[in-house]
Each structure stands twice: as C-alpha cells, then as structure tokens.
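Data first, discussion second: the structure below is written as structure tokens.
In this chain, residues are counted from 1 in sequence order. Note that the structure is a prediction, hence the values are computed from the model and not measured.
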Amino acid sequence: MSTPNTSRGVLFTVLAFIIWGLFPLYWKSLHGIDALQIISHRIVWSGVFVAVILMLQKNWSWLLPSIKNPRVLGVFALSSFLLSVNWLLYIWAVNENRVVDASLGYFINPLINVLLGRLFLGEQLSRSQSFAVGLAAIGVLWITIAAGTLPWIALCLGLSFGVYGLLRKRASLPSLEGLALETFLMTPFALAALLWFHSQGQGALGNISFNTDLLLMGAGVVTALPLLMFASGARTLKLATVGVIQYIGPSLQLLLGVWLYQEPFGTDRMIGFSLIWAALIIYSAAGLMSYWKSTRLADQAA
C-alpha cells in the first residue's frame with residue numbers, strides 16, 4: 001500500500017521529469033541568442049533563486065565550512081564544471097535542431113551510470129545489467145555506423161551527467177546546498193561572460209523584448225525548481241521506481257524532436273533507438289524484480 005509520502009514522492013518526481021522533458025520548448029523560445037549567453041543567464045538567475053530560498057530558510061551555516069574544506073570545494077568545482085558543460089551542450093543542441101540527439105543522451109545515461117558504478121564504485125553488475133549495457137552499446141554502434149559519425153552529442157550529454165551524478169553521490173552536501181554551491185562557483189564566470197556580451201553590443205537582456213527578458217530571468221526558476229522537486233520526491237522512493245520514472249524526460253524530448261520540430265528519424269535511427277529501449281526495459285525490469293524480491297524477503301523476516 002502506498003503511503004502519503006510515497007504518493008507525494010511519485011508526484012514530485014514525475015513532475016520534475018515532465019518539466020525536464022518539456023525543456024526544448026523553453027530553450028527554443030530563446031532561439032537566436034548565443035547558447036553561452038543563455039547558459040550564463042541560467043547560472044546567474046539560478047544562483048539568485050537558490051539564494052532567496054536560503055535566505056528565507058536562514059540556511060547559510062554550511063557555506064563557509066564548505067568553502068574552507070579543500071576536498072568539498074574541489075568536488076563541487078568539478079561538478080559545477082560538468083553541469084555547466086551539460087547545460088551548454090544541451091541548449092546548443094536544442095537550438096541547432098538536435099533534440100533527438102539530446103534525448104538519446106538521457107536515454108543512455110542510466111546505463112552509463114551502471115557502468116560508472118562498476119568502474120569507480122566497485123558495484124557488481126548482474127547478468128541482466130551487463131546484457132543491457134552491451135545491448136545499448138550495440139545500439140550506439142549501429143547509429144554510429146548508419147550515420148557515419150559518432151553520436152557525440154548524446155555521448156557527451158550522457159557522460160557529463162553521469163560523471164556529475166557520480167560526484168554528487170560522493171558529495172557531502174544535500175541537494176539545495178549542493179546546487180547553491182555549484183551555482184555560486186559558476187556565477188563569477190557567468191557574470192564575466194554576460195559583461196563581455198554587453199560590451200560587444202550583443203547582450204540580450206533589455207535589448208530584444210520584455211518576453212525575452214522574462215524568459216532569461218525565468219531560466220533560474222525552471223532550472224532549480226525541478227531539481228528541488230526531484231530531490232524531495234526521490235528521497236521517498238526506491239531507486240527502481242525512480243529508474244522507471246526517469247524515462248519520461250527523454251521520451252517527451254524525443255516526441256518533441258520528431259513530431260513538433262520534424263527532425264529526421266529514419267529506419268536506421270529507429271533500429272538503434274529500439275536496441276537502446278530494449279536495453280532500458282531489461283535494466284528497469286531487473287531493478288523492479290530486485291526491489292520486489294527484497295521487499296518480499298523483508299516482509300517474510302518481519
């Protein structure tokens with residue numbers, strides 16, 4: 001039987017992935033503005049948004065000890081760099097009509113996470129997980145051979161977010177504080193970039209339209225809000241449940257890319273994606289079976 005906390009957790013987690021899945025609609029509305037300028041606004045306004053939350057919570061006691069701790073500062077400096085690379089590449093891909101390629105990156109990300117866990121955390125792979133990773137690799141290889149080029153956008157997005165997740169898994173700060181430190185570390189560089197754009201007469205804020213200004217400033221809210229919703233929701237759910245829900249995001253992105261933006265999705269891509277989808281089904285089924293088995297054993301022990 002689901003508890004109120006579990007039901008709320010499912011709701012928050014589903015909403016977070018729906019927002020992420022609809023991100024192309026948001027970034028497409030800023031088409032024509034350089035991706036670096038968009039991400040700079042995204043970082044700055046994300047920093048403002050989380051700072052307001054921290055002020056309302058009067059939650060600043062963690063900041064100075066974190067900055068003074070070289071290990072914590074180093075981990076979050078690297079995670080903020082990876083996050084900024086991921087954001088920049090994703091926004092660029094969306095506005096270059098590569099939404100389908102971007103969605104592929106987030107389809108393969110869970111399997112990259114499994115592989116990273118095996119390589120860096122010593123986590124053992126079950127036969128099903130090993131088979132799923134191998135099948136996904138075949139799918140990527142098929143897409144590469146068919147297209148004549150490596151799907152570098154998908155691989156860079158999947159790897160950057162996978163390594164980011166690996167770092168955050170080992171980090172000592174909770175979600176809000178961690179996001180705040182990351183954005184605070186990135187903000188000086190983002191502000192410098194915005195000042196450079198304005199000095200060159202290319203600054204978008206205040207120079208295009210009121211709606212554009214709202215979208216640029218709102219980038220902070222649409223960035224931080226789903227992250228906080230996910231952190232709140234996923235805390236009450238099993239990893240197997242989150243593992244199934246997370247495919248909402250790339251599925252919506254793929255649908256937008258194919259049906260709304262009319263990006264090419266021929267037979268070769270369909271075959272490659274089908275192999276990756278099959279791998280994800282196997283991976284998710286193995287996770288759910290493991291969860292049900294552990295739950296049944298716990299009930300029997302009780």
Report the relative orientation of the aromatic rings in Phe107 and Trp277; use parallel for angles under 30°, tilted for 30 to 60°, perpendicular for over 60°. perpendicular

Trp27 vs Leu30 side-chain heavy atoms within contact, under 4.5 Å: yes

Evaluate the side-chain proximity of His41 to Leu205: yes if any heavy-atom separation is below 4.5 Å, no if none is. yes

What's the separation between atom CG in Leu254 and atom CG in Leu104, rounded to the nearest 0.5 Å? 9.0 Å

Rounded distance (nearest 0.5 Å) linking atom NE2 of His31 with atom CD1 of Ile91: 13.5 Å

Using a 4.5 Å cut-off on heavy atoms from C-beta on, say whether the side chain of Leu214 contacts that of Phe210. yes

Minimum heavy-atom separation for Ser40 and Ala193, please, with both atom names. OG-CB, 3.5 Å

Side-chain contact, heavy-atom cut-off 4.5 Å: Leu195 with His198? no

If you take all heavy atoms of Ile138 and Leu275, which pair is closest and at what distance? CG2-CD1, 3.9 Å

Would you confirm whether the ring centroid of Tyr26 sits within less than 6.0 angstrom of the ring centroid of Phe23? no

If you count the non-hydrogen atoms of other residues, nucleotides and ligands that lie under 6.0 Å from CZ in Phe265, is the total more than 12? yes

Looking only at heavy atoms, which two atoms of Pro151 and Val140 are closest? And how far apart? CG-CG1, 3.8 Å

Evaluate the side-chain proximity of Pro24 to Tyr261: yes if any heavy-atom separation is below 4.5 Å, no if none is. yes

Please answer whether the main-chain N or O of Gln202 pairs with a side-chain N or O of Gln37 as donor and acceptor at a distance below 3.5 Å. yes

Using every non-hydrogen atom in the two residues, find where Ala279 and Leu135 come nearest and quote the distance to one decimal. N-CD2, 3.7 Å

Hey, any chance Leu252 and Val100 share a hydrophobic cluster, counting ILVMFWY side chains that come within less than 4.5 Å of each other, even indirectly? yes

Give the intermediate values and the outcome of side chain to side chain contact (heavy atoms under 4.5 Å, CB included) for residues Leu157 and Tyr106. CA-CA 7 Å; Leu157 284 173; Tyr106 294 106; 3.8 Å; yes

Any donor and acceptor pair, going by atom type alone, linking the side chain of Asn109 with main-chain N or O of Gly105 inside 3.5 Å? no

After noting the C-alpha distance and the side-chain angles of Ile53 and Leu228, does the key distance pass the side chain to side chain contact (heavy atoms under 4.5 Å, CB included) rule? CA-CA 11 Å; Ile53 295 176; Leu228 297 176; 3.7 Å; yes

Distance-minimising heavy-atom pair for Ala219 and Ser46: O-OG, 4.2 Å

Would you check if the side chain of Lys28 reaches a backbone N or O of Asn95 as a donor-acceptor pair within less than 3.5 Å? no

Treat each ILVMFWY residue as a node, draw an edge where side-chain heavy atoms are under 4.5 Å apart, and state whether Leu111 and Trp142 are in one component. no

Membership question, hydrophobic clusters at under 4.5 Å side-chain separation (ILVMFWY): are Phe189 and Trp45 in the same one? no

Say whether, by atom type as modelled, one donor and one acceptor occur between the side chain of Asn59 and the main chain of Leu54 under 3.5 angstrom. no

Side chain to side chain contact (heavy atoms under 4.5 Å, CB included) between Val258 and Val99, intermediate numbers included: CA-CA 8 Å; Val258 174; Val99 176; over 6 Å; no

Hey, any chance Leu176 and Trp60 share a hydrophobic cluster, counting ILVMFWY side chains that come within less than 4.5 Å of each other, even indirectly? yes

No-hydrogen, no-angle side-chain donor-acceptor test under 3.5 Å, Arg42 and Thr223: yes

With a 4.5 Å limit on heavy-atom distance, are the side chains of Leu173 and Ser66 in contact? yes

If I take atom CZ from residue Phe273 and atom CG from residue Leu280, how far apart are they, to the nearest 0.5 angstrom? 10.5 Å

When you compare the side chain of Leu115 with that of Phe120, does any pair of heavy atoms fall below 4.5 Å? no

If you measure from the Lys or Arg side-chain nitrogens to the Asp or Glu carboxylate oxygens, is any gap between Glu182 and Arg168 under 4.0 Å? yes

I need the Ser160 OG to Tyr90 OH distance, nearest 0.5 Å. 12.5 Å

Centroid separation under 6.0 Å, is that true for the rings of Trp20 and Phe17? yes

Same cluster (ILVMFWY, side-chain, under 4.5 Å), Trp87 and Val221: yes

Measure the CG-CG distance between Leu260 and Leu25 for me, rounded to the nearest 0.5 Å. 6.5 Å

Looking at side-chain heavy atoms only, is the closest gap between Arg118 and Asn113 below 4.5 Å? no

Separation between CZ (Phe184) and CG (Leu63), nearest 0.5 Å, reads 6.5 Å

Apply side chain to side chain contact (heavy atoms under 4.5 Å, CB included) to Thr183 and Leu83, showing your working. CA-CA 10 Å; Thr183 53; Leu83 191 60; over 6 Å; no

Identify the two heavy atoms, one from Leu256 and one from Gly21, that lie closest to each other, and give their separation to 0.1 Å. CD1-O, 3.5 Å

